Amino acid sequence: MINPQPCPAEVGFYMPAEFSPHDGTILIWPVRPGSWGLDPRPAQRAFADVIRAIAVHEQVILIADEAHADEARAAVGGLADLCVFPTEDSWARDSGPTFVTDGQRVRGISWRFNAWGGTFDGLYTHWENDDALAGRICDALQLDCYDLGDFVLEGGSIHTDGEGTLLVTEACLLSPGRNPELTREQIEARLKSALGVEKVLWLPRGIYNDETNEHVDNMCAFLAPGEVVLAWTDQVDDPQYALSQQTFDYLSRVTDAKGRRLKIHKLPIPDHPITITAADMHSYHFEPGEDARIVGERLAASYVNFYFANQCVIVPRFGGENAASDERALQLLTELCPDRQVIGIDARAILLGGGNIHCITQQIPKGGLSK
């Protein structure tokens with residue numbers, strides 16, 4: 001770790017856009033029974049499919065604990081470099097480091113991680129290993145790391161264009177389980193100093209029933225500077241309709257850090273809600289204090305939870321009665337990202353864990369693996 005003062009922005013570091021070139025991507029092998037069930041093999045196959053798609057274009061770093069290292073190594077073969085660290089769960093986006101660069105050097109940021117809400121509304125009761133993970137990863141990669149452990153933040157709650165604009169949601173960053181002692185203005189100041197951004201756009205809401213308190217990465221993402229994709233539905237009786245409409249209205253009024261009006265592309269969510277079935281429920285095993293699921297619970301399915309790897313976009317597919325919705329999303333993203341291959345991955349098993357492809361990946365910017 002390096003001294004957090006001066007902060008990254010004060011020495012010319014900033015968070016680059018996800019669509020900028022990467023050196024690699026970090027994932028964590030899924031084993032937690034409360035997320036991936038007593039038989040995690042369906043989730044592991046989905047993770048392996050994501051790894052396989054990314055590995056064509058960039059290096060993959062896969063983290064597994066000691067007990068599952070051989071299993072992970074056997075499943076992905078030579079597609080990933082394995083790092084052995086203890087973790088509580090497999091959301092690399094949230095527990096892994098956020099990376100910043102000055103154009104030549106790359107550094108990490110270790111935020112405080114408290115399982116999406118700590119004792120107020122966190123999803124599990126022990127998160128010590130996940131909280132320590134960012135620093136351990138940076139040590140393994142021989143990268144300097146800013147210790148910002150006095151500020152609770154997850155990587156899925158921020159999205160940047162790399163040109164000074166940051167997307168967040170009020171529902172998440174102002175939730176009482178994160179930084180209740182800080183005002184909105186103080187939170188914004190911390191984000192600017194840590195990430196080198198000039199303007200924070202506070203989207204009001206995220207995806208309905210998103211257990212992360214509505215992370216922005218499930219709702220809205222930059223495709224390019226001045227251009228975003230927004231989760232949408234035209235079904236006025238769907239609870240998502242009002243949330244997306246409210247966010248669309250906000251995005252239509254604001255400008256980015258460069259003074260540009262945003263070009264907003266609507267990316268429809270699955271036409272049919274995806275819910276927990278009795279068979280799904282039978283597989284889970286929840287620890288005391290862990291946020292349990294119920295049969296019929298609606299999952300926060302969104303195609304915006306895609307991942308930009310080098311030269312491609314990796315997009316969740318949900319299948320079944322949403323097969324047509326999948327194809328619509330893939331076609332729209334193909335039109336919006338003409339210079340990238342759009343790859344659909346069967347990701348329902350990841351969704352059952354509580355997130356999706358963007359949530360399980362964390363990019364390492366160009367220069368981060370040069371040592």
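What you see is a predicted model; the values in this text were computed from it and never measured. Excluded from the calculations below are hydrogen atoms, water molecules and symmetry mates; all remaining heavy atoms, backbone and side chain alike, are included.
- Under the 3.5 Å distance criterion, the side-chain polar atoms of D23 are matched with a main-chain donor or acceptor of G367.
- Between H159 and F222, the ring-plane angle classifies as tilted under the 30° and 60° cut-offs.
- No donor-acceptor contact under 3.5 angstrom links the side chains of E327 and Q331, judged on distance only.
- We find the CZ-CG distance between R298 and D210 to be 11.5 Å, quoted to the nearest 0.5 Å.
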(request) Start with the C-alpha gap between F113 and W91, add the side-chain angles, then the distance that decides, and say whether ring-ring contact (aromatic ring centres under 6.0 Å, His included) holds. (result) CA-CA 11 Å; F113 178 81; W91 308 106; over 10 Å; no
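- A distance-only check finds no donor-acceptor pair linking the side chain of T98 to the backbone of G155 [under 3.5 Å].
- The main-chain N or O of L203 is never found under 3.5 Å from a side-chain atom of T247 such that the two would form a donor-acceptor pair.
- For the residue pair T160 / Y14, no side-chain donor-acceptor distance below 3.5 Å is found, with atom types taken as modelled.
- Side-chain atoms of R348 do not come within 3.5 Å of backbone N or O of G320 as any donor-acceptor pair.
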(request) Give the intermediate values and the outcome of ring-ring contact (aromatic ring centres under 6.0 Å, His included) for residues F318 and Y303. (result) CA-CA 9 Å; F318 304 109; Y303 298 106; 5.3 Å; yes
(request) Check step by step if side-chain contact (heavy atoms from CB on, under 4.5 Å) holds for N322 and I274. (result) CA-CA 9 Å; N322 283 305; I274 300 171; 3.7 Å; yes
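- The minimum heavy-atom distance linking A194 with L148 is given by the pair CB-CD1, 3.7 Å.
- Ionic pairing of R52 and D49 is present here: one or more N-O contacts between side-chain nitrogen and carboxylate oxygen are shorter than 4.0 angstrom.
- Here L243 sits in one hydrophobic cluster together with Y208; the rule is ILVMFWY side chains under 4.5 Å apart, joined directly or through other members.
- Not one N or O on the side chain of N179 forms a donor-acceptor pair closer than 3.5 Å with the backbone of F151.
- Contact check on D65 versus R32 returns no salt bridge, with no Lys/Arg side-chain nitrogen under 4.0 Å from an Asp/Glu carboxylate oxygen.
- Side-chain atoms of R73 never come within 3.5 Å of backbone atoms of G78 as a donor-acceptor pair (strictly under, hydrogens ignored).
- Judged by distance alone, with hydrogens and angles left aside, the side-chain atoms of R261 form a donor-acceptor pair with the main-chain N or O of S252 at under 3.5 Å.
- Counting heavy-atom neighbours within 6.0 Å of H282 NE2, excluding the residue itself, gives a total of 12 or less.
- Remark: side-chain polar atoms of E58 are paired, donor with acceptor, to backbone N or O of N310 under 3.5 angstrom.
- Remark: side-chain polar atoms of R205 are not paired, donor with acceptor, to backbone N or O of A171 under 3.5 angstrom.
- When atom types are taken as modelled, the side chain of S302 and the backbone of I269 share no donor-acceptor pair closer than 3.5 angstrom.
- Here I51 contributes atom CD1 and I345 contributes atom CD1; the two are 10.5 Å apart, rounded to the nearest 0.5 Å.
- Paired with R93 under the rule side-chain hydrogen bond (donor to acceptor under 3.5 Å, both in side chains), one option of H215, E154, Q363 passes, and it is Q363.
- Using a 4.0 Å cut-off between charged nitrogen and carboxylate oxygen, R105 and D144 do not count as a salt-bridge pair.
- Screening K199, R260, K258 for a salt bridge (Lys or Arg N to Asp or Glu O under 4.0 Å) with E163, the sole residue that qualifies is R260.
- With hydrogens and angles left out, the side-chain atoms of Q245 and D249 include a donor and acceptor closer than 3.5 Å.
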